[in-house]
Trainee: 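Here it is, the structure, as structure tokens.
Naming: A, B, ... by sequence-line order, numbering from 1 per chain.
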Amino acid sequence: MSDLDLATTWFLAARTMACGGEEPSIAEEAAAGLFARAILGLDEETCIAAKGKGHMQSLTLIDCMAMVGQLPRGTADQVMTGVMMIAYAVASMQPLQVRWASMLASSMNMTEERFQRCCVNARVVASMLPHEQEAIGG
Amino acid sequence: MDEPGGNFDFLSKYDDRVAHLARQAETYVHSDPDSALFKLRLMVETMARTLVDMQAPHLIDSDLSVMLRSLQRSGLLGSREADDMHAIRRDGNAAVHGHDSTTPTAIRRLRDAWRVSRWYARTVRRGAKVDPPPFQAPDPPHGDIGGGEAHARAEALEEAVEARRSQTRKALLLFGDEDDVKAMRWRLRGELRALEAVAVAAGEPIVDADFVALVMAMDLEQILEHPAWGRSSKEAKTDVEQQFETFKSAHAAAELQYLSQRAAIAAETRRDQ
């Protein structure tokens, strides 16, 4: 999978998670990009291209589930961690977000134990975000 | 107009202290850009305190960055105004910490402050009709056209840095500036509801929401000391810290390079005067 495909998969999964809850907040907005750059190791150009008009617009959530199903196990765990981090960043998870996390976990063939590990790691990452956001200028 | 320029005269009737700081900054942009940036930073801090006092008084003694983030989270401060205020905060901090700045930098931040001031006046006095004349960069004193070649290079450097920061911002945000977030949210939630109906009909299990809530309620220390999850979460924390550190170092190096280039131009400008 290319970096652009990974970025597309990530931002679509992350947007869906953010939109499944209340109005997407600044905390969720910034968390998603920081995760893409620092943890998934995607460069700026790739992140911008993935979000470009006409690139992600035509993709559905079924496409997204198919794409996460193709991720190698380690990357899939990172994506799930990031998706859960979005919920932990605002300390809230709505029913549609629980369903989205479940669909992603099924598409990734994730066991309960793997999912729980992703949850715990997501909580750890979310606790570090405010400090990291400040370090890159707000 | 009671000071050179007079871009901020309209602000006096909404917040005299803020207007005074802005006018001082306006006075200093050519003679002492570091002082101008310091005054602008103080102006932004004064604005933030007033707004925080309206929204979350317990944060009034926090750092400026904490207050600005809190105002953003509350929805009071929009992304455009937040970007302008953070830019002033950053350059004001650099000036306070001894990084030389240039007149083009100070004029850009003055323009940012003018934009924020219009929004601020409308916010502190709801319903007020705030329609000041367009911003005009203060004229240099004694007919000086502004430092010649060094001034032009400072302008070019500011352009390049703004382009880089804008690129970084675009990469970091979940949605693009041109995205219709409401429409996108409506579409994604519609798809989610449709998939939910299919999943329920198929009897597909959902993740353990109780576990998710339990982790949400735990303190970080509890997680790191947990008998089952402690070790792996400590390892994850160390890994993530390293990854964030690498990312931040690259970002900090770019900002430092900019400050050093700007200081060199400022020194050259002083020699030419």
Trainee: Please look at Met110(A) and chain B and tell me whether the side chain, the backbone, both or neither of the residue comes under 4.5 angstrom of a heavy atom of that chain.
Mentor: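 Neither part.
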Trainee: Give, for atom CZ of Arg99(A) and atom CG of Leu195(B), the distance between the pair rounded to the nearest 0.5 Å.
Mentor: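 Going from the CZ atom of Arg99(A) to the CG atom of Leu195(B) covers 9.5 Å.
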Trainee: Using side-chain heavy atoms (C-beta onward) and a distance below 4.5 Å, is Cys119(A) in contact with Trp229(B)?
Mentor: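 Cys119(A) vs Trp229(B): side chains apart.
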Trainee: Are any side-chain N or O atoms of Lys51(A) and backbone N or O atoms of Lys170(B), one a donor and one an acceptor, separated by less than 3.5 Å?
Mentor: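 Confirmed, Lys51(A) side chain pairs with Lys170(B) backbone.
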Trainee: Using heavy-atom distances under 4.5 Å, tell me whether Gln57(A) contacts chain B through its side chain, its backbone, both, or neither.
Mentor: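 Interface part for Gln57(A): both.
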Trainee: Out of curiosity, Leu96(A) CG to Arg189(B) CZ, how far, rounded to the nearest 0.5 Å?
Mentor: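 Going from the CG atom of Leu96(A) to the CZ atom of Arg189(B) covers 5.0 Å.
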Trainee: Can you tell me which portion of Arg193(B) sits under 4.5 Å from chain A's heavy atoms? Options are side chain, backbone, both or neither.
Mentor: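 It is both, since atoms from each part get that close.
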Trainee: How long is the straight-line distance from CZ of Arg15(A) back to CZ of Arg187(B), given to the nearest 0.5 Å?
Mentor: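 Between Arg187(B) CZ and Arg15(A) CZ, I get 9.0 Å after rounding to 0.5 Å.
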Trainee: For Gln94(A), does the CD atom sit with more than 12 other heavy atoms under 6.0 Å from it, leaving out its own atoms?
Mentor: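 It does: Gln94(A) CD has more than 12 such atoms within range.
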Trainee: How close do Glu44(A) and Thr168(B) get, heavy atom to heavy atom, and via which atoms?
Mentor: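 Looks like OE2-OG1, 2.6 Å.
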Trainee: With respect to chain B, which residue among Asn121(A), Leu61(A), Val124(A), Val98(A) yields the maximal number of heavy-atom pairs within a distance under 4.5 Å?
Mentor: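 Sorted descending by pairs with chain B, the first entry is Leu61(A).
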Trainee: In Å and rounded to the nearest 0.5 Å, what is the CD1 to CG distance from Ile39(A) to Asp239(B)?
Mentor: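 Interatomic distance, Ile39(A) CD1 to Asp239(B) CG, rounded to 0.5 Å: 9.0 Å.
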Trainee: With a 4.5 angstrom heavy-atom cut-off, which part of Thr60(A) approaches chain B: side chain, backbone, both or neither?
Mentor: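 When you check distances to chain B, atoms from both the backbone and side chain of Thr60(A) fall under 4.5 Å.
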Trainee: Quick one: are Phe115(A) and Val212(B) in side-chain contact, heavy atoms under 4.5 Å?
Mentor: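 SC-SC contact between Phe115(A) and Val212(B) confirmed.
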Trainee: Can you name the nearest heavy-atom pair linking Leu220(B) to Ser127(A), along with the distance?
Mentor: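 Distance-wise, the nearest heavy atoms are CD2-OG, 3.4 Å.
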Trainee: Can you tell me how far apart CG (Leu174(B)) and SG (Cys47(A)) are? Round to the nearest 0.5 Å.
Mentor: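 Leu174(B) CG to Cys47(A) SG: 11.0 Å, rounded to 0.5 Å.
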Trainee: At what distance, to the nearest 0.5 angstrom, does CD of Gln243(B) lie from CG of Leu40(A)?
Mentor: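 The distance works out to 8.5 Å.
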Trainee: Checking heavy atoms, do the side chain of Ala14(A), its backbone, both or neither come under 4.5 Å from chain B?
Mentor: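 Backbone plus side chain of Ala14(A), per the 4.5 Å heavy-atom cut-off to chain B.
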Trainee: Which bit of Leu192(B) is near chain A, if near means a heavy-atom gap under 4.5 Å: side chain, backbone, both or neither?
Mentor: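 For Leu192(B), backbone and side chain are both near chain A.
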Trainee: Could you have a look at Ala213(B), Ala199(B), Gly176(B) and say which one has the most heavy-atom pairs with chain A under 4.5 angstrom?
Mentor: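 Answer, by heavy-atom pair count under 4.5 Å with chain A: Ala199(B).
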Trainee: For Ser233(B), is it the side chain, the backbone, both, or neither that has a heavy atom closer than 4.5 Å to a heavy atom of chain A?
Mentor: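 When you check distances to chain A, atoms from both the backbone and side chain of Ser233(B) fall under 4.5 Å.
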Trainee: So, for Met216(B) and Ala87(A), which heavy atoms are closest and what is the spacing to 0.1 Å?
Mentor: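 For Met216(B) and Ala87(A), the tightest heavy-atom pair comes out as CE-O, 4.2 Å.
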Trainee: Given heavy-atom pairs under 4.5 angstrom as the criterion, report whether the side chain, backbone, both or neither of Met218(B) touches chain A.
Mentor: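 Contact with chain A involves the backbone of Met218(B) alone.
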Trainee: With a 4.5 angstrom heavy-atom cut-off, which part of Asp179(B) approaches chain A: side chain, backbone, both or neither?
Mentor: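 Both parts, backbone and side chain.
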Trainee: Could you tell me which non-hydrogen atom of Phe244(B) sits nearest to which non-hydrogen atom of Leu34(A), and how far apart they are?
Mentor: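 What the structure gives for the nearest pair is CE2-CG, 3.8 Å.
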Trainee: Looking at Ala194(B), Ala209(B), Ser232(B), Ala252(B), which has the largest count of heavy-atom pairs under 4.5 Å with chain A?
Mentor: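 Highest number of pairs under 4.5 Å: Ser232(B).
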Trainee: Non-hydrogen atoms of chain A under 4.5 Å away: do they reach the side chain of Asn93(B), the backbone, both or neither?
Mentor: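 No part of Asn93(B) comes within 4.5 Å of chain A.
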Trainee: Please flag which part of Ala18(A) lies under 4.5 Å from any non-hydrogen atom of chain B: side chain, backbone, both or neither.
Mentor: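 Side chain of Ala18(A) only, per the 4.5 Å heavy-atom cut-off to chain B.
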Trainee: With a 6.0 Å cut-off (strictly less than), is the heavy-atom count around CZ of Arg164(B), excluding the residue itself, greater than 12?
Mentor: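 Count over threshold, so yes.
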Trainee: Look at atom CG of Leu59(A) and say whether more than 12 heavy atoms of other residues, nucleotides or ligands are closer to it than 6.0 Å.
Mentor: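 Yes, the 6.0 Å shell around CG holds more than 12 heavy atoms from other groups.
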Trainee: Can you name the nearest heavy-atom pair linking Val215(B) to Tyr88(A), along with the distance?
Mentor: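 Closest pair (atom of Val215(B), atom of Tyr88(A), distance): CB-OH, 3.3 Å.
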Trainee: Would you say the side-chain atoms of Arg185(B) pair up with the backbone N or O of Thr16(A), donor to acceptor, closer than 3.5 Å?
Mentor: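 No.
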Trainee: Looking at every heavy atom in both Glu45(A) and Gln167(B), which two are closest together, and how far apart are they?
Mentor: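 Taking every non-hydrogen atom into account, OE2-NE2, 3.3 Å.
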